[in-house]
Structures are given as structure tokens and as C-alpha cells.
Amino acid sequence: MKSAILTLLATLLPVTGALAQRPAQPIHLIPPPGVAVPEADQRALHTGVDRLGKRADALKSNPLYPDVAIFQKAVRYALEGNEFFSAEEIFRAKELLRIGNERATELEHGTASWTKEPGLSVRGYVSLLDGSVQPYGLVLPTSYAPDRAHKWRVDAWFHGRSEMLSEGAFLWDRMRNPGQFTPRDTIVLHLYGRYCNASTFAGEVDFFEALDDVKKRFNVDENRILVRGFSMGGASAWHIGAHYGTDFAAVAPGAGFSETKDFFGYTRRNEKLTWFEEKLLHLTNATDYAVNFFNVPVVAYNGDKDGQKQAADVMETNMAAEGLTLSRVIGENIGHAYTPAAIVRINEMMDALAQKGRVSYPKEVRFTTWTLKFNRMRWVVVDGLEKHWERGRVTASAKDDHTLVATTSGVSALSFVMEPGASLLNPSSKVTVTLDGQSLTVPGALSDGSFAAHFTKTGGKWGLASADEASLRKRHDLQGPIDDAFMDAFLNVRPTGTPMNDFVGRWTEFERDHAARLWRTQMRGDAPSKDDTAVTDADIAKNNLVLWGDPQSNKVLARIADKLPIRWTAQSVTVGDRTYPAATNAPVMVYPNPLNPKKYVVINSGITFREYAQPNNSLQVAYLPDYAVVDLTTPPDVRWPGKIAVAGFFGEKWELVKGDGQ
């Protein structure tokens, strides 16, 4: 694979003055630079992109518009980003434009043949996050027919690391390669995952958006959705299975990684992370969620000579600590690949698990989490934690059809929720709920089997609670850290005014451009942006707002500055009782938007992993917590936006807390 060994200096060239004078740091950037494209081919491709773009735009009201637009975007991104990695890919781009035009012609005539036939196909959807069109691949079984009354099993497949897997390369492969696993009577969903990020952040959202799109197009059996992947895709499967196991019938990770410190070698080299980086690893480490595999079957694979057997080894250790034994298939005399015998065995095991299907309402649930981002397992929902980034745990069971018993630790609010069709509880009987030895009586299940009961703990005692939507507190999808704001619709808001301090103004401009470049190269979208003067009430209602600049330069930030827990004036940045000179310091933070507390506001930050994380997917994690003050006398580099003078997590009510939440 062609390397791209560049330096951060190239990234910093647009900035002048002190911000650009930190020594250059060699770093392996992805995607690597492509080959030179002859001028004649460039002209032909630009003309083709423009033509298909206009045709696609005219079809935007058609629900199949993304199936056309994926081809135009693939070639456009390759042209704009210098992402043709061989002369062959230039030819392929012309073919992709041809196929896109064929599909456009069909839609213009009211047909769509690619949706009707079994076999390989590529589709697309429009992402809620940034409005970008994202591709995915399908393998439809030979038994598929559009009018067949059948609920389909779906196996989601996460691909391995490929630094040159542009949209074009993905589409080309997905139209020709069914992959190693094509179970009978099963739709196989191949995720692009927004390129090469091991399904973290926007890559994680891509899976759920693509799966939702498949559910709209096909009659999917919700209880027979399985998750599989190999290498980087194995890491994705570990991540999705450990954090979202409630949704799936089984998980089959192959190789990959399941945590960061041991896999990357921090532990071996005795390299120390900051205290907040250590805490933030609880967001992504599958090992910290090992007990959740009590509720979702998992079959791990690795070759006996594969260094990435480490992923299953550490998961096995962590599951054993929870009283669980990991099921493993090990390929003999092989490194980083499947053996034919292992493929057969894994297929047998996964077919059996698919036949059984997901048990939506088991009698016992064991669940752990460190954040309300991941707050549900089957019928158990954690609504509040005593302290984020410390373990919360619930073990709950239905002792009979009118008795629920649960023990908890680290949990401050809890719900038991069952949808229509559940049969755990008797509709004719009240339910006794015993929480940590304390018994409460609640109304029983409704006549359709559904049930919901909410509880909060105050002063060490549990009590009944009603749904709480108004109070300012950390809750699911509104709990931080900064990176969480980029897992939903967001809008960058550019300042149009004069900054309070010119030096800080230049830094925010650089960071805004840098964030947009990272989103483009690593998350494969164009970050939505508007001037502060153009932001509407509808924008505020729909989006997490990413505000760049300061309270003087950005009019939206000026509206909320006095409602934020960190104060920022022309003279100082104040965090509690600590003050930093505003001439050389700037805050970054995430907080519920005072103009719409159901959404976030972010100040001066994009996704927090930078170029440092690109060489190894296990490093593509959150680097900054809920807030930080950045000392700009140290310029940005491949890892940080400057020197971190202070950083921390807000408390459970989004307040500043002693010790910054350590």
C-alpha cells in the first residue's frame, strides 16, 4: 500500500504568525495522495460530474435519488481530493459516471431495475448528520423477489482497514465482490462506514442510517439482524456489539481490536495519557462493556498466528471476570485471514443463532455502561448515572409474571420498558419492583403486553418518577463529550464580526478550516456551514450548533455567552475560580444550547481526534472531554489544538464541579 508520509507543516501553511511556528511533525496522513490525472481525463471527468450532478439534483424529490447521487459524489470527491490511486481508477470513474447516468435515465422514466433483481447492488442514503450522500452495498439472495412475502434476515458486514478505499473504490468492489459470507436467504449489508474509522462517531452513525435505509426498502426481521466484520471491521463488530447489543441477534468479530491502550502499545511502552483521555476510553473500549455479552451471543475468530488475536484474548479475560466464557473459532496455521474450515464453522454457528433470533424480553438482563450515550439493554434503560465515566451497572430479572428484581451500582435513574407484544408480565396483576432491596408497587402491563415504569434514586432511596424532559441534566444523547455533537445533525456557524483578540481570531479561523478538512477526509462529508447572520430558528431547532469565534465576533455566541458556565470576555476566560488571559487563551466546550436545550452548542471545536490518530484506528477516539481552555502560545499540532491549560467534564446537571470531574 502506498504510504503518505507528510508533515503537519503542510497542514499549517495557511496560518501565519505564531500559530505556524511549531516544529513540523512527521505523520502518516490518510487518504494518501493519488496519481496524476492527465488533463484530458480531468476535463472529461469534470464535465461528467457536472452533468450527472445536474441530473441528480433534478431527481432530489425521488426517494431513490441517493442511488444516483452516490456515483456523482464518488467521482467528485476523487477529483477534488486527489484520490485516484491508480490509472485504472481513472477508467473506473468514467464507468461509475456511466452507471449513474443509466440510473438517472431510469428514474426519469419511472423505472429502477437495480432494485428488483437478486445479487450485488449499491445503494445510498442522505445522512442526517451533514446532508451528505453515503453509499452502502447489498448482496440480495437468489431467493429474493420484490413481491415475495418474507421477513429477511440481515447480516451487516464491516470492512477492514484500507487507506485507499475511496467511495469509488468501495462502489466498484461492491458491484463485483459478494464477500466471504453470503448466508442463504439473507440480505448482506456491506457498510462503507464513512471510510476508515472503525465505526466510531460518524462511522457508527453510518451503520444505523444504512440499516434504517435497508429497513425502509425491505421487510427486515428485527430479531434476525447479525453483526460481523474482520480486522478493522472486527473492531467495529466488537464496538457495536458491546455498546448496542440490545438491537442484535448475534455478533461475530474477526481479529481487530477491542480497546486502545494494550492494542496500540501504550501499556507496553509505559506511556501515560492525561486523566481525561483515560476516562474517555470508557466511551469506546469494548472491554469495559464485556458483561453486555451476557445478553447478545458473540462468536470471536482469529488465526492462531495473527497478532490481532489480542482483541479476543482481552475480551475473553474481561468476560471471564464477569463469569462469561467467550466462544472462539481459531483458524489453524494461518495469520490475518479466515481458513475455509473456520468459515464453515462460523456460518454454522451464526445460522443457528439467527434461527433462534434475538430474545427481546429475556427473563434476566445484565448491563453496564459508563455514559448515557449507551443506556439500554433489552427492557432495562439507564436514565441517569451518579457520575459519568464511572461504571454504572444493573442486573435485573423477572422472577415471575408480576415481580421484577434489580440490583444497581452507580445508577441514579432507571426505567423498565417493554413494547407491545412483550409477555414477561401479567396484564391482570400489579407489579412488585424490588430495587437494591427496596420494594415498590407499580401498575401492571397493559392489555397489549407493554409496560413502562420509571424510577429515580434520591438520598440513597428509590422512588417512582415521571418522564423528565425539561430539567437541565445529562441524559441520553445529551451527555457529552464534545465529539457526541457530531453524531447528530450539526451546523458550523461562521463569525462575521471582529474578534475580541486578533491572535485568538486567527486561531479560531484555522481550527474551523482544519475541522472542515478532517470531516471531509475522515468522515467523507462537507461540513454544513452558515454565517452567524444567516442562522434561522429552524436551524436552531434542527441542529447542534458549532459556533466559531468569540462573543464579539459571532452573533449567535453573543446571544448565549452569559448563559454558559465558562465566562469569556475580551480580558479573560474564567472557569470557576480560575482565570486565563483572553489574549492567548480560548475555550472549547459542548453544552446544551440555551436557545434549544434539546440540542448541543459547541464552541470552537470539531471532532477531537486529529492527524495523530490516522495511522491506527484504535486511536480514533475522543481526545477532549466536555470543556477545555486552550493556551494558544503553544500552536496546534497533530494531536492537540494547542496546549491544554485545563480540561474537564461537567457534572450530571451540566455544572462545573470540583476537580473538573476527575
Side-chain angles (χ1 to χ4, degrees), residues 48-81 92-93 95-117 119-140 144 146 154 156-157 159 165-175 187-195 199 202-220 487-490 519-520 523-528 542:
V49 165
D50 292 343
R51 176 172 177 260
L52 182 55
K54 291 175 182 177
R55 296 186 74 187
D57 286 346
L59 294 166
K60 277 191 173 180
S61 61
N62 191 308
L64 296 180
Y65 149 79
D67 291 358
V68 173
I70 53 174
F71 294 96
Q72 192 266 355
K73 181 197 175 188
V75 181
R76 177 172 69 86
Y77 265 38
L79 278 169
E80 294 174 353
R92 292 176 181 178
E95 279 294 290
L96 294 177
L97 291 174
R98 182 187 63 77
I99 297 169
N101 277 296
E102 285 182 352
R103 287 191 176 186
T105 298
E106 286 201 49
L107 290 187
E108 289 162 357
H109 289 85
T111 61
S113 62
W114 68 91
T115 67
K116 304 181 186 306
E117 300 296 329
L120 278 65
S121 178
V122 290
R123 310 290 178 90
Y125 70 89
V126 177
S127 175
L128 174 69
L129 272 62
D130 54 9
S132 66
V133 175
Q134 296 294 332
Y136 62 87
L138 292 177
V139 182
L140 299 182
Y144 171 75
V154 172
W157 178 262
H159 65 75
L165 190 67
S166 64
E167 287 84 352
F170 176 80
L171 293 175
W172 192 264
D173 190 49
R174 293 278 55 83
M175 291 188 290
I187 295 174
V188 181
L189 165 62
H190 286 269
L191 287 312
Y192 182 51
R194 288 187 178 240
Y195 178 50
S199 301
E204 177 181 313
V205 176
D206 173 80
F207 166 50
F208 291 101
E209 290 192 307
L211 182 59
D212 284 347
D213 198 64
V214 170
K215 291 177 182 179
K216 293 175 185 175
R217 301 186 191 219
F218 303 94
N219 187 17
V220 171
M487 297 181 70
D488 199 353
F490 70 92
W519 189 262
R520 173 67 158 71
M523 299 302 182
R524 312 307 289 179
D526 298 307
K542 176 186 175 183

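As a basis for the values below, the full set of heavy atoms in this structure was taken, side chains included, without hydrogen atoms, waters or symmetry mates. The structure presented is a predicted model; accordingly, all values stated were derived computationally and were not measured.
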Checklist line | Min side-chain heavy-atom separation R51-N101 under 4.5 Å | finding: yes
Note to self: Less than 4.5 Å apart, side chain to side chain, heavy atoms only: is that true for D206 and L191?
What the structure shows: yes
Note to self: Can you give me the closest heavy-atom contact between I70 and G124, atom names plus distance?
What the structure shows: CG2-CA, 3.7 Å
Margin query: Run the side-chain contact (heavy atoms from CB on, under 4.5 Å) test against D488 and tell me which residues pass, sequence neighbours left out.
Written below: L128, N544, K599
Check: Heavy atoms, side chains only, cut-off 4.5 Å: are W172 and L96 in contact?
Finding: yes
Next item on the list: Using the salt bridge (charged side-chain N to carboxylate O under 4.0 Å, His left out) rule, take K54 and D50 through it: C-alpha gap first, then chi angles, then the decisive distance, then the call.
Entry: CA-CA 6 Å; K54 291 175 182 177; D50 292 343; over 6 Å; no
Next item on the list: Can you see which heavy atom on A202 is nearest to which on L129, and at what distance?
Entry: CB-CD2, 3.7 Å
Notebook entry, point to check: Shortest non-hydrogen contact from W519 to G525?
Noted result: CD1-O, 3.2 Å
Margin query: Taking ring-ring contact (aromatic ring centres under 6.0 Å, His included) as the definition, give me every residue that meets it alongside Y136, ordered by chain and number, with sequence neighbours left out.
Written below: none
Check: Under 3.5 Å, side chain of S166 to main-chain N/O of A78, donor-acceptor pair present?
Finding: no
Notebook entry, point to check: Who are the side-chain contact (heavy atoms from CB on, under 4.5 Å) partners of E204, not counting sequence neighbours?
Noted result: F208, H239, I240, Y244, F374, M487
Note to self: Let me confirm one number: the CG-CD distance from D213 to E209, rounded to the nearest 0.5 Å.
What the structure shows: 9.0 Å
Checklist line | Full working for side chain to side chain contact (heavy atoms under 4.5 Å, CB included) between V154 and F218 | finding: CA-CA 10 Å; V154 172; F218 303 94; over 6 Å; no
Check: Any donor and acceptor pair, going by atom type alone, linking the side chain of D173 with main-chain N or O of A169 inside 3.5 Å?
Finding: no
Margin query: Nearest 0.5 angstrom please: L140 CG to L120 CG, how far?
Written below: 8.5 Å
Check: When you check the side-chain N and O atoms of S132 and R194, is any donor under 3.5 Å from an acceptor?
Finding: yes
Checklist line | A104 versus V68, closest heavy-atom pair with distance | finding: N-CG2, 3.8 Å
Next item on the list: Look at the side chain of K73 and the backbone N and O of V133, then say whether any donor-acceptor pair between them is shorter than 3.5 Å.
Entry: yes
Next item on the list: Would you check if there is a donor-acceptor pair between the side chains of Q134 and S127 at a distance under 3.5 Å?
Entry: no
Notebook entry, point to check: Are D130 and R524 within salt-bridge range, i.e. N to O under 4.0 Å?
Noted result: no
Check: What heavy-atom pair brings T115 and A112 nearest, and what distance separates the two atoms?
Finding: OG1-O, 2.7 Å
Item checked: Partner residues of Q72 under the side chain to side chain donor-acceptor pair (under 3.5 Å) criterion, sequence neighbours left out -> none
Next item on the list: Could you tell me whether R92 and E95 make a salt bridge, using a distance below 4.0 angstrom between a side-chain N and a carboxylate O?
Entry: no
Next item on the list: Mind checking the CG-CD spacing from L64 to E106? Nearest 0.5 Å is all I need.
Entry: 10.0 Å
Item checked: Step-by-step side chain to side chain contact (heavy atoms under 4.5 Å, CB included) determination, L138 to I187 -> CA-CA 7 Å; L138 292 177; I187 295 174; 4.0 Å; yes
Item checked: Heavy-atom check, side chain of M175 versus side chain of I99, under 4.5 Å -> yes
Next item on the list: Could you tell me whether D212 and K216 have a side-chain N and a carboxylate O separated by less than 4.0 Å?
Entry: no
Checklist line | Those residues that, when tested against D526, pass side-chain contact (heavy atoms from CB on, under 4.5 Å) (two or more places apart) | finding: R76, Y77, R520
Margin query: For a quick test of reading the model, state the closest non-hydrogen atom pair linking V188 to H190 and the distance between them.
Written below: CG1-NE2, 3.6 Å
Next item on the list: Kindly write out the residues that satisfy side chain to side chain donor-acceptor pair (under 3.5 Å) with N62, not counting sequence neighbours, or none if the list is empty.
Entry: none
Check: With distance as the sole criterion, is a donor-acceptor pair present between the side chains of S121 and R123 under 3.5 Å?
Finding: yes
Margin query: Taking the side chain as everything from C-beta on, heavy atoms only, tell me whether V49 gets closer than 4.5 Å to F71.
Written below: no
Notebook entry, point to check: Does the separation of the ring centres of Y195 and F170 fall below 6.0 angstrom?
Noted result: no
Notebook entry, point to check: Is it true that a side-chain atom of Y192 and a backbone atom of L165 form a donor plus acceptor pair closer than 3.5 Å?
Noted result: yes
